[in-house]
Structures are given as C-alpha cells and as structure tokens.
Amino acid sequence: MAIIEVRNLVKRYPRPDRKSEFFNAVDDISLEIQAGEIYGILGPNGAGKTTTLEMLEGLTDIDGGEAFIDDICVNTRPFEVKKIIGVQLQANEYFDNQSLRELITLFGALYRRQIDPLELLGRVHLTEKADARPANLSGGQKQRFSIACALVNDPKVLFLDEPTTGLDPQAKRNLWNLVQELNQTGMTIVLTTHNMEEAESLCQRIAIMDHGKKIAEDTPRKLILKHAPEPPEAPLHGSLEDVFLALTGHGLRD
Amino acid sequence: MKPLPLTLAGTLTRIFLRDRQAIFFSLFFPIIFMVVFGFVGSQEQEPIALGIVNHAPGGVSDDLIDLLDANPLFQVTVGEEPALRESLISGDTTLVLIVPAEFQETDRGVEMQLLVDAAQVQELNLIMPVLEQSLLSVERQLRNSEPLFRLNVEDVRARSQRYLDFLIPGLLAFTLMQVSIAGSGFNIVEYRRKGILKRLFVTPLQPRDFITAIVMSRITLCILQIAVLLGIAVLFLDVRILGSYLALFTVIFCGAIIFLCIGFLLGSLAKTQQSIQAIGNLVIFPQIFLSGIFYPIDSLPGFLQPVASLLPLSFVANALREIANNGASLLDIPLNFLGIAVWMIISFVAATRYFVWKEVAA
C-alpha cells in the first residue's frame with residue numbers, strides 16, 4: 001500500500017543569474033512510497049532532493065502536480081499532513097537555554113500532546129542527557145535529538161534530510177541502527193543522502209535525482225545490476241557509488 | 001490541556017528570562033540615564049559671582065552687602081573696580097555692582113551702577129528683581145518702615161518640576177519601544193537564522209498562535225522591565241507619579257503592542273541580522289529625537305512639530321507624561337489615546353500582512 005503518492009511534482013525558482021527567468025528545481029517528479037519502507041533519495045547538490053522533501057512537508061508551495069500522504073492532499077490540507085509526519089531538517093538549532101526535556105515537552109505541546117520526554121529520549125538513547133542543552137551535544141547526539149523531536153507526534157512518515165552528513169563512522173552507524181529500529185515499528189522513513197553506503201545498506205528502495213528529475217528508481221541491488229559499469233560479468237562487485245557516478249557524471253557540483 | 005499559545009508563551013517567557021545578558025542590557029542604559037539625570041537635577045544651582053565695589057564703606061552699604069551675601073543666589077566678592085572689571089571680562093565674575101560714595105545720603109535717590117557682560121548673563125531678568133528686592137529691604141530698614149505686602153511661599157510639591165520628572169515618562173516610553181522592537185523583530189530574524197522558524201513551521205503550529213504567544217510573553221516581560229525602571233525612579237530618585245498606575249500601565253500595554261507589531265513587521269522585511277539593525281535604527285532613531293523624549297516637542301523647529309507629534313512614540317510618551325506629571329486620567333487624554341489606538345491598528349494590520357510563515361521561515 002502506498003503511503004506517499006507524488007504525481008508530476010514541479011517547483012519553479014527564479015534563475016540565480018537572470019532573476020526574470022525561471023527554472024524547474026523539481027521537474028515533474030512522481031513517486032510512490034510504500035508504507036513501512038525506508039526510501040532513499042540520492043542526488044548531487046542542487047538536484048532538488050531537499051526541495052522535494054520541503055514540498056511534501058508543506059514548507060514550500062507546490063507549483064505543479066500533487067502529493068498525498070496517507071491519502072491527505074498536501075496541496076490543499078498541509079496542516080492536516082503536518083500532524084502525521086515527523087521532520088528532521090538539515091539545520092537543527094533550537095531555542096537557547098532550554099534543556100532537551102523542555103524542548104521535547106514544547107514540541108509535544110505544538111501537536112497538543114502530553115508526552116513523557118524521558119521515554120522518548122530513551123528511544124534515541126539520550127536519557128542521560130535529558131537536562132543538557134542542545135548546544136552541548138555532539139554531532140551524533142544532536143541528530144538523534146532532532147529525530148526525537150520529530151517523533152513527538154508518533155508520525156506515520158518520518159522525513160530525514162541528510163541525517164548522517166558530518167557524522168563520524170561510529171555516530172553514523174549508531175544512527176542507521178536507530179533508523180532501522182524505528183522502521184521495525186512500522187514507520188515509513190524517507191531520507192536524502194550523499195552517502196552511498198548508507199543508501200545501500202539502509203534503504204529498501206532508492207530514487208536518484210539530477211537536475212530536478214528522477215533518473216532512476218529501484219532497489220539498491222537491482223540498480224547495481226543494471227547500471228554499475230564494470231566488471232559486467234560480476235555486477236555485484238561494483239558499488240552503488242559506481243551507479244551514482246555513471247548516472248550523474250563526474251563533474252563537480254556546488 | 002492549556003491553549004497552545006499560552007503554553008508556548010510560557011516557554012518563550014522562560015527562554016527570555018533565562019537570557020540574563022539581554023535583560024541586563026535592556027535595563028542598563030535607561031538606569032544610567034535616570035541616575036545621571038537624577039544627580040544633575042538634584043544639584044544646587046551655581047551661585048552667581050557678584051563683585052561689589054564699595055565707595056561708601058561703613059553703615060548702610062555694609063548692610064546691603066550682608067543682605068546680598070546671605071542670599072544663596074549670590075557669591076559676593078568685595079574689591080576694587082579695575083580688578084573686578086577685569087574679572088568680569090575674563091568671566092570669573094558675572095556682575096559688578098558699584099556702590100557710589102553718596103550712598104549714605106539717604107535723603108535723595110542714589111543711582112547705582114551695575115556692570116554686566118550681557119552675553120554671559122541670560123538670567124539677568126531673573127537676577128535684577130533679586131537685586132532690587134535686596135535694595136528695597138535696605139531702604140525699608142533705613143526708613144524704618146514695614147513692608148505692606150508679604151509673600152508667604154508654601155511648597156506643596158503638587159506637581160514635579162525637575163528635569164528628571166519630565167524625563168522619566170519619556171524614558172519609559174523609549175525603553176518600551178527598544179525592548180519591544182528588539183523583542184519581536186530581532187528575535188524573528190535570529191530564529192530564522194537558526195532555522196527555528198522552519199522547524200516550527202513543519203509542525204501544525206498556526207502562525208497566529210505563534211505571534212500571539214510571542215506578543216503575550218514579550219508584553220509580560222516588557223511590563224516587568226518597565227516596572228523595574230519605574231520602581232527605581234520612584235523609590236530611589238524621588239520621582240512622583242501623580243496619575244494612577246493602572247492608567248500608566250494601560251498605556252504601556254498598548255504601546256508594547258504597537259512596538260511589538262512594528263518589530264514583527266521589521267523582522268519580516270529584514271532578511272539578515274545586519275539589515276534588521278539598519279532598518280531598526282531607521283525607525284528608532286528619528287523617534288528618539290523627534291518624539292519629545294529628552295526635550296519637549298515644542299522646542300523643535302515649527303515645521304517638524306506636526307510630523308513629530310504624529311509618531312507613535314510621541315503619543316505614548318505624551319500619554320505617559322500627562323499621567324505621570326499632571327495626574328491625567330485616560331479620559332483626560334482622548335487625543336493621545338486616539339493616536340495610540342490608530343497606531344495599534346496600523347501596526348497590527350501591517351505586521352499580520354507581512355508575516356507570511358512560508359516567506360519568513362525560508
């Protein structure tokens with residue numbers, strides 16, 4: 001059963017060089033994400049990953065097409081959608097001078113829910129940091145905390161925007177475990193990443209985006225079979241990174 | 001469960017109260033102002049240096065000198081004419097009175113000479129009557145006559161007249177404007193920079209609930225800050241508030257709404273911390289100088305007065321001053337109140353019109 005349905009999604013922005021002209025940052029994207037899967041969106045910087053997520057989250061206006069999450073239309077009822085999704089953004093700063101416990105309680109209040117901060121912090125293994133301030137957390141702890149904030153409303157879908165960027169290998173693996181734990185409770189997880197290993201080991205299905213378009217979509221294994229160039233006789237010796245580079249080219253992006 | 005804006009307002013108030021540094025600086029300058037002007041205002045006026053050349057020593061002229069010397073307004077030096085003239089020109093002496101030799105001959109009028117440097121003596125109009133009064137006293141003494149009229153001055157201190165008393169209501173209005181505009185506008189820009197607005201916007205929080213919460217918590221904080229300043233003024237600087245505190249705080253409450261809304265507007269228009277500083281100063285500075293905070297609007301050039309008196313800070317400062325200095329009630333200042341009401345509407349409409357979640361959060 002598809003929990004997220006996206007049809008012909010378009011986002012237009014003014015060109016950075018010529019303000020009077022527009023370009024499609026997201027260009028006719030259609031997705032069908034199944035309930036309970038971990039779905040990864042890959043792509044170079046500027047491919048439109050974050051913009052796609054922001055449209056699904058109701059942060060950015062949808063300029064064309066339509067999106068449904070759990071059969072609720074994002075175009076027309078964004079505030080209803082916000083009630084059933086959890087979002088972790090790339091920037092994760094919070095109000096100053098507030099402890100994790102207080103911030104979790106505040107986020108609960110935004111969904112009109114009374115929650116037990118310690119129980120929730122326990123789920124992301126931060127119980128002993130309940131009285132610390134976010135500023136004093138390590139990178140991995142910060143990410144886990146922002147996932148905890150995204151869980152206050154028991155979301156059906158959890159959006160993670162580059163959750164492991166900037167984390168050390170231990171923190172990265174720790175976060176993957178957390179994502180898998182959450183997925184085992186039946187939560188659908190949509191994440192963007194630059195990390196091929198992450199996409200390969202964590203995601204059940206992957207879409208690769210470039211220049212606002214979806215250029216490939218499948219399970220990691222099938223993508224490797226299909227696109228990894230060499231050695232062609234033993235395709236699984238190639239990696240997803242080979243797929244990514246074969247599809248998006250070797251040119252540097254900003 | 002409590003309504004959401006109330007919960008959020010509670011959290012925000014807690015956040016603001018924990019920011020000790022911001023609170024300290026919001027009160028620091030107004031307190032310095034008050035204390036400095038408090039001391040300036042309470043200082044005795046410098047006595048006027050009066051030089052006397054006595055060509056008729058002994059007798060009544062000495063009585064005159066004693067009388068003038070006893071007056072705290074004067075500091076009397078008796079000396080020779082050339083020396084005193086020199087001291088007058090150098091500015092050490094303000095007036096030189098020459099008592100002629102025929103001063104003793106009381107059977108006819110005596111003309112006395114007063115040397116002044118008119119450029120220095122703006123208060124000449126004030127000093128002359130005192131001198132004449134002293135001469136009159138000596139004259140009465142000589143003629144052994146009782147004065148016909150006597151003025152009995154009783155200071156009921158019904159209305160304050162010190163500069164500090166004029167300054168305090170203006171200073172309260174000024175502080176109110178500062179903390180309100182900073183409280184909403186600067187905060188919005190800071191929250192945007194940190195991505196907090198974006199994070200809040202992916203929750204079902206409605207913009208109006210968010211604005212309401214910020215306004216409620218900021219008003220609470222503003223009233224506390226103003227109350228602290230007012231407390232210091234009343235308890236330590238002997239400032240008297242003649243009108244009711246309820247009227248005073250009603251005006252403060254309305255003023256806070258005006259300036260918070262202006263802050264929201266600026267915060268929505270400015271995209272960076274630098275631009276909010278610049279735009280904020282553009283709004284704040286003219287009002288400091290034009291709105292009768294440090295001196296009355298009447299003392300501005302005529303063509304500026306009509307504009308100046310329509311500024312929001314002018315209405316708030318005037319209303320506070322009328323209440324504090326003249327004991328006015330809210331009913332006594334309908335025009336001020338109308339001005340405040342109109343500005344509340346204008347600023348509220350502008351703030352809600354330009355505070356668009358998607359644009360402000362992005």
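For clarity, every value in this text was computed on a predicted model and none was experimentally measured. Keep in mind that the numbers below use all heavy atoms, side chains included, and drop hydrogens, waters and symmetry copies. Chain letters run A, B, ... following the sequence lines, proteins first, then strands; residues in each count from 1.
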(message) A:E162 vs A:T192, test: side chain to side chain donor-acceptor pair (under 3.5 Å). Steps then yes/no.
(response) CA-CA 5 Å; A:E162 297 188 16; A:T192 66; 4.8 Å; no
(request) Report yes or no: is the cationic atom of A:K82 (NZ for Lys, CZ for Arg) under 6.0 Å from the centre of the six-membered ring of B:F201, at an angle within 45° of the ring normal? (result) yes
(request) Kindly say whether the aromatic ring centers of B:F174 and B:F259 come within a distance under 6.0 Å. (result) no
(message) Please classify the contact of A:L106 with chain B as side chain, backbone, both or neither, using a heavy-atom distance under 4.5 Å.
(response) side chain
(message) Name the residue from A:I189, A:L191, A:T188, A:L31 that meets the side chain to side chain contact (heavy atoms under 4.5 Å, CB included) definition with A:Y39.
(response) A:L31
(message) Using the side chain to side chain contact (heavy atoms under 4.5 Å, CB included) definition, which of the options A:M55, A:R12, A:E54, A:K11 pairs with A:D61?
(response) A:K11
(request) Go through the steps to decide whether B:R199 and A:D161 satisfy the test salt bridge (charged side-chain N to carboxylate O under 4.0 Å, His left out), and finish with yes or no. (result) CA-CA 12 Å; B:R199 185 61 188 87; A:D161 198 0; over 6 Å; no
(request) Anything in residues 118-148 of chain A with a heavy-atom distance to chain B below 4.5 Å? Please list those residues in order. (result) A:R133
(request) Output, in order, the C-alpha distance, side-chain angles, deciding distance and verdict of salt bridge (charged side-chain N to carboxylate O under 4.0 Å, His left out) for B:E190 and B:R192. (result) CA-CA 5 Å; B:E190 181 67 3; B:R192 170 171 40 218; over 6 Å; no
(message) Quick check for you: among A:Q98, A:E57, A:E80, which has the greatest number of heavy-atom pairs under 4.5 Å with chain B?
(response) A:Q98
(request) Measure distances from A:F107 to the heavy atoms of chain B and classify the residue's part below 4.5 Å as side chain, backbone, both or neither. (result) side chain
(request) Give the minimum heavy-atom separation between B:L311 and B:W343, together with the two atoms involved. (result) C-NE1, 4.0 Å
(message) Counting heavy-atom pairs closer than 4.5 Å to chain B, which one of A:E102, A:Q88, A:Q90 comes out on top?
(response) A:E102
